[in-house]
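Structure, as structure tokens:
The chains referred to below are lettered A, B, ... by the order of the sequence lines, with proteins before strands, and numbering in each begins at 1.
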Amino acid sequence: MTAKRKKPAKSLGKAPTGVLGFDTITGGGVPAGRATLLVGGPGSGKTIFALQFLVQGARGKEPGIFVAFEEAPSRLVANFDRSGWGLADLIPKKLCFMDAQPAPDLMRSGDFDLSGMLAALEAQASQMGARRIVFDALDMVLSMLPDPATQRREVYRLHEWLLKRELTALITSKAGHDETGSPGPRPIGFMEFMVDCAVVLNHRVSQGVSQRNLRVQKYRGSSFDESEAPFVIGSAGFDVAITRSISRSDLKISHERVTTGVKRLDTMLGGGYYRAASVLITGFPGTAKTTLSGAFAEGACRRGERTMFVSFDSDGSELMRNLTSVGIHLARYVQSGVLQMISARTITGSAETLLVRIKSLAKAHSARCVVIDPVSTLSSVGNEMTAHAVAERLIDWCKADGITLVCTSLLDETGSQQASGTPLQVSTLADTWIHLNYLVQAGERNRGLSIIKSRGTPHSNQVRELILSDSGVTLADTYTAGGEVLMGTLRWEKESAIRAASEVAEVETRLKRLVLDAEEAELRVRLKSLQTELVAKQVEKALLARTRASDKGESSKVRLRLRELRGADAIVSSRRK
Amino acid sequence: MSRANVFRFKLYTAAGTDNSAVAFANLLAICKTHLQNRHSIEVIDVMRHPQRALADGIRMTPTLIKLSPMPARTIVGTLTQTDRVLLALGIEAVPV
């Protein structure tokens, strides 16, 4: 019972292959103690993959045997002693090559089997305690067997032996011309059903550009990424491209802002780009995309951050000379080693190759800021299919490594007049998208800058005019008049007109004030005189009243006197009473 | 009968496989018919002596190596096609 329960747990073990990306796709490597089939056409990288798998094991605690059916071990070692692999140090204790090439003058007569080889391997394996084994080009020896039934018998024999020894095996075999990778009428066909894991390597040439990819066909008892994953064979061996979409959450996000190199653009973005953001600058040729990215590079260098400027358009020194004309001086940073200028004009190859080259260069320079000018080169002829995925991974990689990426993208002037997308569709992935365009007006071409999007930062929605002068890059407000944006001379004219108008208005105001002052003064004077007049009137009135009263009193006295004199009755009678 | 005419063989076999048994039987038959007492055969079982298989570079069983007379010759398989085997080993067929 316990033995039964233990078995499945054991089967989950995985042996890391050391192939960058492959271990991620398969969640740890090839099945440990089982056989894995590696199928591919000529030059698809089977042997490198297999050897890397052995080197990885040998560096750890798993010595390995390489059974070479096709190439002499001495030649293999010479071919694959890549920098950093250190094959010479591993041979023969940790890594051993067994020459299993059939001798050219070997004669066959009747049936034979591989017991001899297995016996020899048994001896070798127990001698060095091997845990890993590679059968390189097993199809070579199988094709010597007379019929499919015998071939099958020998493969079973081999498989049985592997399982018994619990060796982690990698069997490589040539693939036919069957692009789908389905088992065809080739000696190895049925092996794909037998082994626990099968990997197909493809090497295609599309429009003259080499494209390699790898696909895990099956993996018993494990989940895996089923799609074709592009890979590159670099100086350090295999590099399988993977998107880390699942483990995205472990990204360290930053609230730190880095300057764009243009003060007003920083203001427009509410402080600058975010650290580790990916910035896309789009525009037609000559809209100062390179200048803007140069300003960013200078800003980064001024902070002392290691920066890498990859230019697909022009030579490094040429670019620096050109940027000097707009007040961006990069030469001193190149001398101090902070800035690395890479002219990638001469690098040809697939988008995948470019990405790997850029990645390794950036790693070597330990760059914190990377400028790629223009990133649209990735989608050049022959790369249309993969370019988008490459751009995606470029952004993903930068984010993971905390690198602030600024890339420019050329818009095809005839193709996409609308600023709705870029050929690479980076625009949807980029965090900040700045669009530069021309405004032809009144016989002038002026550069306009607008921020189409900027995730997580408040940003101005105004179009600004980008002005390049020998003192640097500046942004200026634009004027909107009658529904039209004014730039260049028109803006200048408008500005001076407004200035003149305001002067006139000022003078007018002053004049008006004077007039009003005068009027006020006049009114005050009038008020004073009126008040005085009022007082005079009041006095006059009072005088009048007094005169009236005395007049009245006088007249009644006079009347009384008159009555008395006349001897009026009324007065007499009233006196009597 | 000169000394040079003695055929020295090494036959690498894997015990328990049909191929090896057939090859041994075929070799014995060939020697008996065409090389009466002009031969010596060393049989090495790779299952019991894997180190020898490793050292001698034996990859397939059965493997027959003719050590003398020169040139040395290696034949892999059950040795069923007698005419071809004789030709390869440089043995003059004795008419039956």
Do you know which two heavy atoms are closest between [X] and [Y], and how far apart they sit?
X: A/A119; Y: B/P50; result: O-CB, 3.1 Å
X: A/S109; Y: B/I75; result: CB-CG2, 3.9 Å
X: B/R73; Y: A/M107; result: NH2-CB, 4.0 Å
X: A/F112; Y: B/V76; result: CG-CG1, 3.4 Å

Q.
Regarding A/D111 and B/T78, do their side chains bring together a donor and an acceptor under 3.5 Å, going by distance alone?
A.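 Checked: A/D111/B/T78 side chains show no N/O donor-acceptor pair below 3.5 Å.
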Q) Between B/T74 and chain A, which part of the residue has a heavy atom less than 4.5 Å away: side chain, backbone, both or neither? A) both
Q.
Surrounding CD of A/E160 (heavy atoms of other residues, nucleotides or ligands, distance under 6.0 Å), is the total greater than 12?
A. no
Close side-chain approach of [X] to [Y], heavy-atom, < 4.5 Å:
X: B/M60; Y: A/R108; value: no
X: B/M47; Y: A/E122; value: no
X: B/L54; Y: A/M98; value: yes

Q: Could you grab the distance from atom CZ of A/R157 to atom OG1 of B/T17, nearest 0.5 Å is fine?
A: 6.0 Å
Q.
Could you measure the distance from the OG atom of A/S126 to the CD atom of B/Q51? Nearest 0.5 Å is fine.
A. 7.0 Å
Q | Most contacts with chain A, counted as non-hydrogen pairs under 4.5 angstrom, among B/D18, B/T13, B/V46 | A |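 When all of B/D18, B/T13, B/V46 are compared, B/V46 has the most.
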Q: Pick whichever of A/L114, A/D99, A/D113, A/V67 has the most heavy-atom pairs under 4.5 Å with chain B.
A: A/D113
